[in-house]
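Just so we're on the same page: letters track the sequence lines, and every chain starts at 1. In what follows, every heavy atom counts, from backbone to side chain, and hydrogens, waters and symmetry copies are set aside. Being a predicted model, the structure only gives us computed values, none of them experimental.
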Protein chains: 2
Amino acid sequence: MPKNNHQTCLCPLKGIIDLISKKWALLIINTLGNSGKLRFNQIMHALDGISPKTLSETLKELQAEGLVARESFAEIPPRVEYCLTNDGVDLRKSIIPLLEWTAKRSSVDQKRCESCPPSIRARNQANLGEKN
Amino acid sequence: MPKNNHQTCLCPLKGIIDLISKKWALLIINTLGNSGKLRFNQIMHALDGISPKTLSETLKELQAEGLVARESFAEIPPRVEYCLTNDGVDLRKSIIPLLEWTAKRSSVDQKRCESCPPSIRARNQANLGEKN
DNA sequence: CAGTATCCCTTTCGATACTG
DNA sequence: CAGTATCGAAAGGGATACTG
């Protein structure tokens, strides 16, 4: 069996394309994965540039897919927290190679990560060092 | 260091979203990866439903990104072959976990893979068996 | 605070006919 | 065969104002 001939069916991909091709879906997944629990406005802030409409819609789709869990508290002012489900965590893990591939191609992007905590940036650099 | 707290920066993701959010990009990558070299009309046929315009445009972008190589032969009728570059092969490898995640979620999709060669389907089943 | 409702612009992409 | 040209429909998504 040739080493570089690992064949995969593209049919499952068709299904997932709709999900991850949503401009913000993977970003939300990753942000929640980084932070654990976040409130609506916290996600808005973390994903600089997303509109409340888009965030709201995308979160609903992610919930429908069983990737994100929503918990609301009967308080005033209202409080709602979002986090990944186990499935969401798995998805996030499965895109890490993709992240690494991207980072490896354009390490220039690392410098633009002003919205990322220094700890994450440091870890990225370390990961890149290991891989190269 | 908590085990489930592997943090990743989302900035590289922003860059890749544009690429993979193209409806057909990953499908082309994977099809080429499965088959090695393919001609324009072969890709058209493999990706049932894509229009020549969309295929042409997407192939150009993938070439511009250095993921796909194009080789044309001065023959009549003309012949052009596409294949993955090394970078393209790497990208394809990096999305395999994503494919596996998707396949694991909805093994029902496996049954709809009528366009896939039986050998690929068999391999998918085997891979699923290993993972579960 | 956590969304929803509107408006509108842009991009995407399918269908089809045509060309070197 | 390997595309290109043109048209149009549809969806994505931003800005903003508003509501429970």
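- In terms of phosphate contacts, A:Tyr82 brings a side-chain nitrogen or oxygen within less than 4.0 Å of OP1 or OP2 of C:dG3.
- Side-chain contact between A:Val68 and A:Leu32 is present, with at least one heavy-atom pair separated by less than 4.5 Å.
- Per the geometry, CG belonging to A:Leu47 stands 14 Å off C1' belonging to D:dG14, to the nearest Å.
- Within the 4.0 angstrom heavy-atom criterion, no nucleotide atom of any strand lies near A:Phe73.
- B:Leu55 has its side chain out of reach of B:Trp24: every pair of non-hydrogen atoms, C-beta onward, lies at least 4.5 Å apart.
- For the pair B:Glu75 CD and D:dA2 P, the interatomic distance rounds to 10 Å; values are reported in whole Å.
- A:Thr58 contributes no side-chain N or O that, together with a main-chain N or O of A:Ala25, makes up a donor-acceptor pair within less than 3.5 Å.
- In this structure, B:Ile76 places its CD1 atom 13 Å from P of D:dA2, rounding to the nearest Å.
- Comparing atom distances between the B:Phe40 side chain and each of D:dG3, C:dG3, D:dT4 picks out D:dG3 as nearest.
- Annotation: the terminal axes of the helix from C:dC1-D:dG20 to C:dG20-D:dC1 meet at 50°, where each axis is the rotation carrying the C1' atoms of four end pairs onto the next four (5 pairs per end, rounded to 10°).
- Taking 4.0 Å as the cut-off between side-chain N and carboxylate O, A:Glu57 and A:Lys22 do not count as a salt-bridged pair.
- The two residues B:Arg92 and B:Ile29 have their closest heavy-atom pair at CD-O, 3.6 Å.
- Residue B:Asn41 contributes atom CG, which lies 13 Å from atom P of D:dT4 at whole-angstrom precision.
- Phosphate contact (OP1/OP2 of C:dG3, side-chain N/O of A:Arg79, threshold under 4.0 Å): absent.
- Between the CG atom of A:Leu59 and the C1' atom of C:dA2 there is a distance of 11 Å, given to the nearest Å.
- For the pair B:Glu65 (side chain) and B:Glu61 (backbone), a donor-acceptor distance under 3.5 Å is absent.
- In terms of phosphate contacts, A:Arg39 brings no side-chain nitrogen or oxygen within less than 4.0 Å of OP1 or OP2 of C:dC1.
- Residues A:Glu71 and A:Lys37 are paired through a salt bridge, judged by an N-O separation under 4.0 Å between the basic side chain and the carboxylate.
- The side chain of A:Ser56 places no N or O atom within less than 4.0 Å of a non-bridging phosphate oxygen (OP1 or OP2) of C:dG3.
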Legend entry - Contact state string [nucleotides 8-16 of chain C, B base, S sugar-phosphate only, - no protein heavy atom under 4.0 Å]: -----BBBB
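- The interatomic distance linking A:Lys37 (NZ) with C:dA2 (P) rounds to 14 Å, in whole Å.
- For the pair A:Met44 CE and C:dC1 P, the computed distance is 11 Å after rounding to whole Å.
- Under a 3.5 Å cut-off, the side chain of B:Thr31 and the backbone N or O of B:Leu27 do form a donor-acceptor pair.
- The CG atom of A:Leu55 sits 13 Å away from the C1' atom of C:dT4 (whole-angstrom rounding).
- B:Ser72 and B:Val80 get closest at one heavy-atom pair: CB-CG2, 3.8 Å.
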